[in-house]
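Chain naming here is simple, since letters A, B, ... match the order of the sequence lines and numbering starts at 1 in each.
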Amino acid sequence: MNDVVAGAQLARERLRGLVSPLVLVLSVIAVYALGVLERRGSGAGAADSALEGPVFGFALPILAYLVSERVCDGARLDRSVDLVARYGVDRRAALFGVLLVSAASTALSAVLLTVSALIGAHTLRDASLVSDLRASVGIAALSGAVYALWFGAASLFGKRGGGRKWALILDFLLGAGSSALAAPWPRAHTRNLLGGVPVLDMPQSAAWLALLAIGAASVVLSVSRTPS
Amino acid sequence: MSTLTFEAVSQRELLRVTASFASGQHVVLGTEHDGTAALIELAAGMAAPALGRVLLDGAAPFSQARVRLRVAALCAVEQLPPARTVTDALSHALRARGDARSASAVLDAGGLAHFAARRTATLSAREQRALAGLLALTHPTPSLLALFEPLLLVGILSEDFVLQSLARMASAGALVLSSASRVEDALRIGGTISCLERGTWLQASNTGLSLTEATLRVRTPEPRRLAARLAEAPEVNAVEWAGGKELLVRGADLTRLAEHVVASARSEAIRIEALRCQPPSLEALAAARAGAAQAWYERAQREQRVAATGTEPPLVQTRGIH
């Protein structure tokens, strides 16, 4: 438990500073503005458009990528905990702590982005605002956490964690489809949960399970590929 | 009793290094470009060897957290755990190794209490190394201390603190492995001296060369009397007096040599005006290292021939390097 805390503290210290909150605030303002533009342009479908495109399609994967890059200090996930592992901390446990902080931060960011986009896409007197918030916040939290775990596992590949970059690119390219090729990518299942085209005609309940499976597989892969 | 073994290890500059160390003090002579930094990182479990194995008491430090818990290390480049102040950074490090002491107690022990409130962002690379060195030298129960150039910390940490900590840990049964790029530093640290030459391991005892001979320069008003007294001592290999007030006293162990010189002078009531270690010249060091490399090469060739033919070939006379 102490080793998990050591990893979590390491990640928390790396997220400290002005840059991370600044990027988050700018992103929140940007998705709010896009939500407002969607409301003025497409009216009834503004919330769906704002969430599928700017928030879950663009801002969330990039923010998750940046958070992962930051908590890993631009290194591979397994080597990112070397600063505490040298003192006898178990790398696997420390890495789990890093992933927890990364997942929590990204999930929180995703929720803030979603709330901001929905407030922009609705008027405050709009009756559907609360129901949309209720439906979307859970999706945002899960998607954010899964993206963080996914990028963490991807950063086990490459000399300096370059797999993270490839995971972002492939998520954009392959996750946009609905064939079997899209199944391993979080983007495809998040889109399904938001009411978009499903992967392999999966129901939405299966999309929840698929996201959970991707998150769990990422954690298992990260821990199993890392020495103690 | 701890044992550290390198089995045909290749990593960065290191070329199939095979070596073994037992508890006590060991110094590896060589620069970072010879592979000393890589050797220390491997010993400390901060890097995995590209080829071969590194084992501390039979377990690999890189892949075993419980082994690293008993390792205190100082690498060529150090970075403290991220935190705002030095106290916070040291607290994280101490908690990580399960050390119940406070950061201020550790800073006090090394005379670095003035660093406590410093922001880590303002620390120079040398100061970060000194703080990492302090953490290593105050490890409560190490089985291995792996230190890259510990005497480069002198100036921030006191030399007495560094040398006494190393001696205390070695006498407590720890394996103390240090590197030094200067012979003078290696002699000041003491212990068994080996050598890395461009990634190749040269063990002093195997090559039969003495890289450990120490020379003391003694200034006294009565050099002849002191020389006569010293010449009888078994610790002293040679005494040179070229006129004037200065004697050159040579022996195998610097500390014992200095102690003997002082004891002899005291017993004869001879005043010593100055006593200092005489480092070997660069030419002498280069010659010793070249000789060691030659001897190592010849031994390896001989072993290869024995392995191929199964019989010991006659020794071939080779021309020395001058």
Side-chain angles (χ1 to χ4, degrees), chain A residues 1-21 67-98 100-102 105 156-161 222-228, chain B residues 40-50 54 56 59-75 77-85 88-100 106 119-121 128 131-132 135-136 138-146:
Chain A
M1 191 60 195
N2 193 32
D3 293 355
V4 177
V5 173
Q9 279 177 340
L10 190 66
R12 192 195 64 191
E13 289 296 333
R14 284 175 176 158
L15 284 174
R16 263 191 211 276
L18 284 175
V19 176
S20 307
V67 168
S68 177
E69 179 88 6
R70 184 103 176 170
V71 296
C72 293
D73 203 19
R76 286 169 57 99
L77 178 66
D78 51 350
R79 302 315 302 268
S80 72
V81 295
D82 279 357
L83 279 181
V84 289
R86 65 175 296 183
Y87 298 109
V89 166
D90 189 322
R91 279 195 185 84
R92 290 172 178 169
L95 172 152
F96 189 64
V98 168
L100 281 180
V101 170
S102 176
S105 313
L156 287 167
F157 300 92
K159 199 175 177 185
R160 291 194 53 84
S222 302
V223 170
S224 63
R225 275 183 60 94
T226 303
S228 160
Chain B
I40 295 296
E41 280 177 24
L42 289 168
M46 294 179 69
V54 179
L56 176 61
F62 180 75
S63 54
Q64 303 271 343
R66 63 178 173 79
V67 178
R68 289 194 305 275
L69 203 56
R70 295 181 288 117
V71 174
L74 171 67
C75 296
V77 179
E78 281 292 352
Q79 194 184 353
L80 293 173
R84 277 184 188 166
T85 64
D88 294 342
L90 294 191
S91 299
H92 285 177
L94 290 168
R95 269 204 304 276
R97 76 178 182 198
D99 194 330
V106 170
R119 291 178 73 87
T120 49
Q128 294 227 27
L131 290 163
L135 277 171
T138 54
H139 195 296
T141 51
S143 53
L144 167 68
L145 259 95

Which heavy atom of B/L69 sits nearest a heavy atom of A/Y87, and at what distance?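 Minimum heavy-atom contact is CD1-O, 3.4 Å.
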For A/D73, enumerate each residue passing the side chain to side chain contact (heavy atoms under 4.5 Å, CB included) test, keeping only those at least two apart in sequence or located in another chain.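 A/D73 satisfies side chain to side chain contact (heavy atoms under 4.5 Å, CB included) with A/R14, B/Q79 once adjacent residues are dropped.
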Nearest heavy-atom pair of B/A65 and A/S228: which atoms, and what distance?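 Smallest heavy-atom distance, with atoms named: N-OG, 3.3 Å.
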Taking all heavy atoms of B/R84 and all of A/E13, pick out the closest pair and write down the distance.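 Answer, listing the atom of B/R84 first, then A/E13: N-OE1, 4.4 Å.
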Give the interface residues of residues 75-83 of chain A toward chain B, defined by a heavy-atom separation under 4.5 Å.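 From residues 75-83 of chain A, the residues near chain B are A/R79, A/D82, A/L83.
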Gap separating the CG atom of A/D3 from the CZ atom of B/R95, nearest 0.5 angstrom: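 A/D3 atom CG to B/R95 atom CZ measures 12.5 Å (nearest 0.5 Å).
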Measure from NZ or CZ of A/R91 to the centre of the six-membered ring of B/F62, then state whether that distance is under 6.0 Å and the direction lies within 45° of the axis.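 Yes, a cation-pi geometry holds between A/R91 and B/F62.
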Heavy-atom pairs under 4.5 Å with chain A, option from B/R66, B/H92, B/H139 with the top count: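 That would be B/H92.
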N/O donor-acceptor pair under 3.5 Å between B/R68 side chain and A/V89 backbone: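 Side chain of B/R68 to backbone of A/V89: a pair is present.
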If you count heavy-atom pairs under 4.5 Å with chain A, which of B/A73, B/A44, B/G98 comes out on top?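 Counting heavy-atom pairs under 4.5 Å, the top option is B/A73.
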Proximity breakdown for B/A93 and chain A, heavy-atom pairs closer than 4.5 Å: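 Both parts, backbone and side chain.
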Please state whether the side chain, the backbone, both or neither of B/L94 comes within less than 4.5 Å of a heavy atom of chain A.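 Contact with chain A: none, neither part.
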